Amino acid sequence: MSLAFLSNLSSPPLLFFFLGAAAVAARSDLEIPNQIAKFLSIYLLFAIGFKGGVALAEATFSSTILLTLATAMALSALLPLVCFMVLRRKLPVADAAATAATYGSVSAVTFVTAAGYLDVMNIDWGGHMVAAMALMESPAIIVGLLLYRRYSGDADQPMEAFSWSSLLREACLNGSIFLIVGSMLIGWISGPAGMSQIGSFVNELFLGVLCLFLLDMGIVAARRLQDLRSNPAALAIIVPAALLLPLFNGAVGLLAAWVLQLSEGDALLLVILSASASYIAVPAAMRLVLPQANPGTYLPMSLAVTFPFNILLGIPLYHAAVKLVLP
Amino acid sequence: MSLAFLSNLSSPPLLFFFLGAAAVAARSDLEIPNQIAKFLSIYLLFAIGFKGGVALAEATFSSTILLTLATAMALSALLPLVCFMVLRRKLPVADAAATAATYGSVSAVTFVTAAGYLDVMNIDWGGHMVAAMALMESPAIIVGLLLYRRYSGDADQPMEAFSWSSLLREACLNGSIFLIVGSMLIGWISGPAGMSQIGSFVNELFLGVLCLFLLDMGIVAARRLQDLRSNPAALAIIVPAALLLPLFNGAVGLLAAWVLQLSEGDALLLVILSASASYIAVPAAMRLVLPQANPGTYLPMSLAVTFPFNILLGIPLYHAAVKLVLP
Amino acid sequence: MSLAFLSNLSSPPLLFFFLGAAAVAARSDLEIPNQIAKFLSIYLLFAIGFKGGVALAEATFSSTILLTLATAMALSALLPLVCFMVLRRKLPVADAAATAATYGSVSAVTFVTAAGYLDVMNIDWGGHMVAAMALMESPAIIVGLLLYRRYSGDADQPMEAFSWSSLLREACLNGSIFLIVGSMLIGWISGPAGMSQIGSFVNELFLGVLCLFLLDMGIVAARRLQDLRSNPAALAIIVPAALLLPLFNGAVGLLAAWVLQLSEGDALLLVILSASASYIAVPAAMRLVLPQANPGTYLPMSLAVTFPFNILLGIPLYHAAVKLVLP
Amino acid sequence: MKACQRIEIVVESPIASQVIDLLRELGIGGYTMLPEIRGEGDRGERRADELTGDSSNCLFIIACEKPELVEQLTSQVRPLLSRSGGVCLVSEAQWLRH
Amino acid sequence: MKACQRIEIVVESPIASQVIDLLRELGIGGYTMLPEIRGEGDRGERRADELTGDSSNCLFIIACEKPELVEQLTSQVRPLLSRSGGVCLVSEAQWLRH
Amino acid sequence: MKACQRIEIVVESPIASQVIDLLRELGIGGYTMLPEIRGEGDRGERRADELTGDSSNCLFIIACEKPELVEQLTSQVRPLLSRSGGVCLVSEAQWLRH
Ligand SMILES: Nc1ncnc2c1ncn2[C@@H]1O[C@H](COP(=O)(O)O)[C@@H](O)[C@H]1O
Ligand SMILES: Nc1ncnc2c1ncn2[C@@H]1O[C@H](COP(=O)(O)O)[C@@H](O)[C@H]1O
Ligand SMILES: Nc1ncnc2c1ncn2[C@@H]1O[C@H](COP(=O)(O)O)[C@@H](O)[C@H]1O
Ligand code: NA
Ligand code: NA
Ligand code: NA
């Protein structure tokens, strides 16, 4: 296990994440322009989605696939329940609900990093895991909102500016999700013939782009951590929660993977999906449907603490756990 | 032919065009940042220009090449005449002239997509077609302007803010044209030695970048179509015209290709050049030299209707016609 | 030698530099969006740094390496002295000091272009030259500032808004330097295993990206040259100085390379580092520590004259000189 | 030239679409919008450095000649500002008729 | 501090260069320009999403202390606005001398 | 609504951080900043086309209700403007309280 840790930590993508954080710590003016960071993430979603789709086109359809997808959705709906129960002791109801939604949902970039890790390790993973990721995006948002309405006391009072249709649009049609699912469908339709056309674009640039993208994420996460420092009270709740929630959710995900007896690669991906927290789609949705929640709570938790934790320590840790439990 | 249609429609680049349009229809917030879209188009122009130049360096110079170039220029000057005569029955003179110029000129991106289609189909095309494209850009603009002056009635009245030199600069030195022609010259000068240096950059990324670029074009074209919906009167003229003009112009291009007995690839490119309509260079030039024309007419025609029509249905349709006529 | 000149001048990257300059001369609106230009430079620094680091990991550590690094630092501290003595006869003290710092320091992009030239020529160069480049960045800034304080007459008067810590931060932690050095360290840590992960991203795109980047540099340099034209007085001093300083500094660098008996590749890189002038890190630092100096002097000198001179004529010229002196 | 009021609104990017909807509802036909800008205030620094607009602002400039519309706009913008921060400034200007 | 007029012009990007030429002709030495911004008005929405500036605006800010220059500028900007849309606002401000 | 002063500062990008430091020192809690904009003035054209901010400007918008703070700010901004150019405009505005 320690070897996996080391080899993960010395892989270029993670080292570039550290480099970004170091740039902030050293107060260097190193910066990735904003549109470039968006481009890098577009490329990563495009590439992983397409690869997953082509893999799906080559796979034989099995009931395990369907079961995995159903489990993924269930996880996304159930995980927020536990998170909420714990968090509402320390946080206002709105913040607890929004945080629960954030941690029930998934981070596409964490998923992409884990898939890259598997590729480097030469471990197969199923293309349907991309679909699983997409399915885990939205249930958590809806559950989070229902939790808020149930526990906040102002359930009857008509929600200002709220509409289920706009909620569903935010939850399901978020740009990142739309792109990765769309790319998966396109990969699935065009199959190996499509891969022969854009294969080198999709495969050979992947890890290099991931390096540059994680360099940017390192910069942004370190900045948010610095901002957090000025708020020691919040820090005492936020940081421990942001470290424990992924471990707990990951353990539940591992349990599900064990029940389904998933392959090594798929199991790791299901665990990382459970353990990861959204910092793009859910925060955006929460602004619209739960504006009472303070983004200063749930956003730095997922972006500045859980994301780095998952990609740096989480992936090899969960991998070790998967190998232990699913031999 | 139906096979070509299907294989064209299931190729990743076109599927990504649909994905972009679907994102707009579903009101997803998927978006390619603006500078990234420009970068993708810079890459495509650079790559096609360079490839064409290297091909030119390797080709033996023949009189067919010269004839093709001359024909291309002639087409660009003549096609607007017919378009104008038809359009001025339905549109104000200024709009008709600007639209005629738009359709006489060419769309570099449509050309690039067609060249990519040929590469995927393993059909050769001549590097001089890049030069043909460049030569077709400007004559249409000048003819459009002359038509306006002849028919508008205010020919004698000095044109405000108008100068031939600024017209020619807009017409010939537009950034896209400058880049593709410049890259062609550089490819021609540096030849196969140059290709060995930047070959993998130019070739292997091409279709992948085209996917992302058409994703953006799908988004933009769908937005413009949505804007059009609010104007049903215009719609009744604009949409049919934007579908018929490429068919008519393409037929004339095909006739020319038949007269010249071009190869399959070159013929298809000449047809697509004739059928395509500018939505970058000409609209920009029209703002300066024909400000009386309403950009709300000619811009959505070429961008939201003709461009998608050409890349989705036009390319395989013209290809089938070429194979019929030039066996 | 003339052959090297020609083959350098007909290589795609340089031809694209000319194309950019031609676009400005022809008043075309060709333009590389600003964030894209930054992205291209980020990629180049990342790729060269990483390659250098991997090369370092594979090299056996020798005393020549240490000596080269020490010499590089010494050059950066000493070259400004001579430059300053010459320049202060023609320029105000502040301008002379800032210009001396500019020419004592290095241009990362010139270095990257020279490394690409060596790769194309199949000439080896040592990864430690990246470290040498980084070490040459800052000494010149400090020497320039000391020169100003010594000769300006207002040495005792406390410098407004000046602090050594902010100076050192600007000098050593500039984003470009931070990125190339960080990438070198990461290449060194992850070694050939890392290269196998991101090798094709780092190697195969390099010259293509350099083409697009030099296209942008051609545009920017030509614009600055045009701005200079309106100032003939300055021109008469600036242009000759900007041509002579690289030759003089390059000669000193060649002398050092001869003393150290460096290999052909390393010698050329040391010469080009000496001959090149900073136009990113130093100008930014000068704004803070020497605001009295006029950026209109030192910036166009290095960006519009010395940079093009070095990459167009300098590299093959210095190469010929290296081959003459170090057979 | 016609007297008008110049309204300037800074809000965080995620609620830009709500401001646009509001303008349309009120029948304010025109606005100019500058996306992805930076700022600092009670809610910390917004550096415009995230993938989403989470840490960026946008700036609306609206010329409006009907005082009652300005009144309505500001009263409806106020809750948005209270909730997620920002500023709204109103000043007098002359609008060039064309 | 010196009294001046603050002129603010929003026009579509393709005619930005005409505005700059105009400013230079009039001898107005200084301006600030914000490119690629968005907006909506009588001519529909401009989303700043096209390859060319076809659907984007730009914003000029000009401080000018000579009323007659302001006069000339507005009268020459008017036809541009009539033709391709936009707004021009003029207000009073104090200019910090330095 | 509360009367305030609207301060608008254009400076070249390399000294943006000095302006921000200044604002913080003076205890001016809020500002809005538009990076990478273009302009022209006595020091030539700034096209926002370089890798660094060397040829670009940035624009600060600051709403401030304390006249003495405005006083301090302008007097400390003046030397920055003298040295590397730019403009600072001050005007009256109404600040929507929330
Ligand atoms: N006094 C001010 N002047 C100008 N802009 C401000 C001011 N206060 C806040 N802002 C802007 O409004 C945003 C949100 O402010 P706040 O809600 O105070 O955090 C900031 O990021 C700034 O862009
Ligand atoms: N009332 C307004 N306030 C602010 N900006 C406006 C207004 N009306 C129009 N604009 C701007 O001017 C551009 C062109 O307006 P129009 O000609 O009305 O379509 C729009 O895209 C907006 O950016
Ligand atoms: N009269 C003006 N109105 C608006 N902005 C100006 C004016 N003069 C200068 N500027 C801005 O201030 C920057 C520096 O001006 P200068 O120091 O005069 O070169 C310019 O690039 C413009 O962005
Ligand atoms: Na999760
Ligand atoms: Na055509
Ligand atoms: Na040097």
Side-chain angles (χ1 to χ4, degrees), chain D residues 1-39 48 52-53 56-67 69-70 73 77 86 88-98, chain E residues 4-13 15-16 19 22 32-49 53 55-64 67 69-94:
Chain D
M1 291 289 201
K2 210 168 161 180
C4 73
Q5 298 205 275
R6 179 185 183 279
I7 308 156
E8 189 168 46
I9 305 174
V10 178
V11 290
E12 58 169 357
S13 301
I15 63 169
S17 60
Q18 292 180 40
V19 175
I20 294 179
D21 289 348
L22 180 58
L23 292 169
R24 289 185 185 151
E25 268 165 38
L26 293 176
I28 299 182
Y31 65 85
T32 295
M33 195 265 251
L34 296 85
E36 306 237 351
I37 63 177
R38 297 162 56 171
T52 40
S56 82
N57 291 315
C58 59
L59 170 68
F60 286 85
I61 300 171
I62 303 139
C64 185
E65 44 188 8
K66 302 197 192 118
L69 268 183
V70 176
L73 178 58
V77 160
C88 172
L89 302 179
V90 180
S91 59
E92 308 293 324
Q94 297 293 317
W95 191 344
L96 181 70
R97 298 279 75 175
H98 59 87
Chain E
C4 72
Q5 298 205 276
R6 178 185 184 280
I7 308 156
E8 190 168 44
I9 305 173
V10 178
V11 289
E12 58 170 356
S13 302
I15 63 168
V19 175
L22 179 58
T32 295
M33 195 265 251
L34 295 86
E36 306 237 352
I37 63 178
R38 298 162 57 171
E40 187 165 340
D42 302 339
R43 285 163 186 79
E45 191 173 349
R46 295 192 182 143
R47 294 188 189 79
D49 63 354
S55 75
S56 81
N57 290 316
C58 59
L59 169 67
F60 285 84
I61 299 171
I62 302 140
C64 186
L69 268 183
V70 177
E71 193 64 39
Q72 286 183 300
L73 178 59
T74 50
S75 71
Q76 299 207 32
V77 160
R78 188 177 287 121
L80 293 179
L81 298 184
S82 312
R83 188 201 294 154
S84 68
V87 287
C88 172
L89 301 180
V90 180
S91 59
E92 308 292 325
Q94 297 293 317

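In what follows, chains carry the letters A, B, and so on, assigned in the order in which the sequence lines appear, proteins first and then strands, with residues in each chain numbered from 1. Since we're looking at a predicted model, the values are computed, not measured. The figures that follow rest on heavy atoms only: side chains count, while hydrogens, waters and symmetry mates do not.
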Handout entry: Which of Glu45(E), Arg78(E), Glu40(E), Arg38(E) touches chain D most, by non-hydrogen pairs under 4.5 Å
Key = Glu40(E)
Problem - Part of Ile28(D) lying under 4.5 Å from any heavy atom of chain E - result: neither
Handout entry: chain D contact via Leu34(E) - which portion, at a heavy-atom distance below 4.5 Å
Key = side chain
Handout entry: Distance-minimising heavy-atom pair for Thr32(D) and Ile37(E)
Key = CG2-CD1, 3.6 Å
Completion exercise
If one checks every heavy atom of Val90(E) against chain D at 4.5 Å, the contacting part turns out to be both
Practice task
Name the option with the most non-hydrogen atom pairs under 4.5 Å to chain D; the candidates are Glu36(E), Arg6(E), Glu92(E).
Solution key: Arg6(E)
Exercise for the section: Could you tell me which of Gly86(E), Gly39(E), Gly41(E) has the largest number of non-hydrogen atom pairs under 4.5 Å with chain D? Expected result: Gly39(E)
Exercise for the section: Give, for atom CD1 of Ile61(D) and atom CG of Leu89(E), the distance between the pair rounded to the nearest 0.5 Å. Expected result: 8.0 Å
Handout entry: Proximal component of Ile9(E), with respect to chain D [non-hydrogen, under 4.5 Å]
Key = neither
Completion exercise
Checked Met1(D), Arg97(D), Met33(D) vs chain E; the most non-hydrogen pairs under 4.5 Å come from Met33(D)
Fill in the blank from the handout: When the 4.5 angstrom heavy-atom criterion is applied to Cys4(D) and chain E, the contacting part is side chain
Problem - Crowding at CD, Glu71(E) (>12 non-hydrogen neighbours, <6.0 Å) - result: no
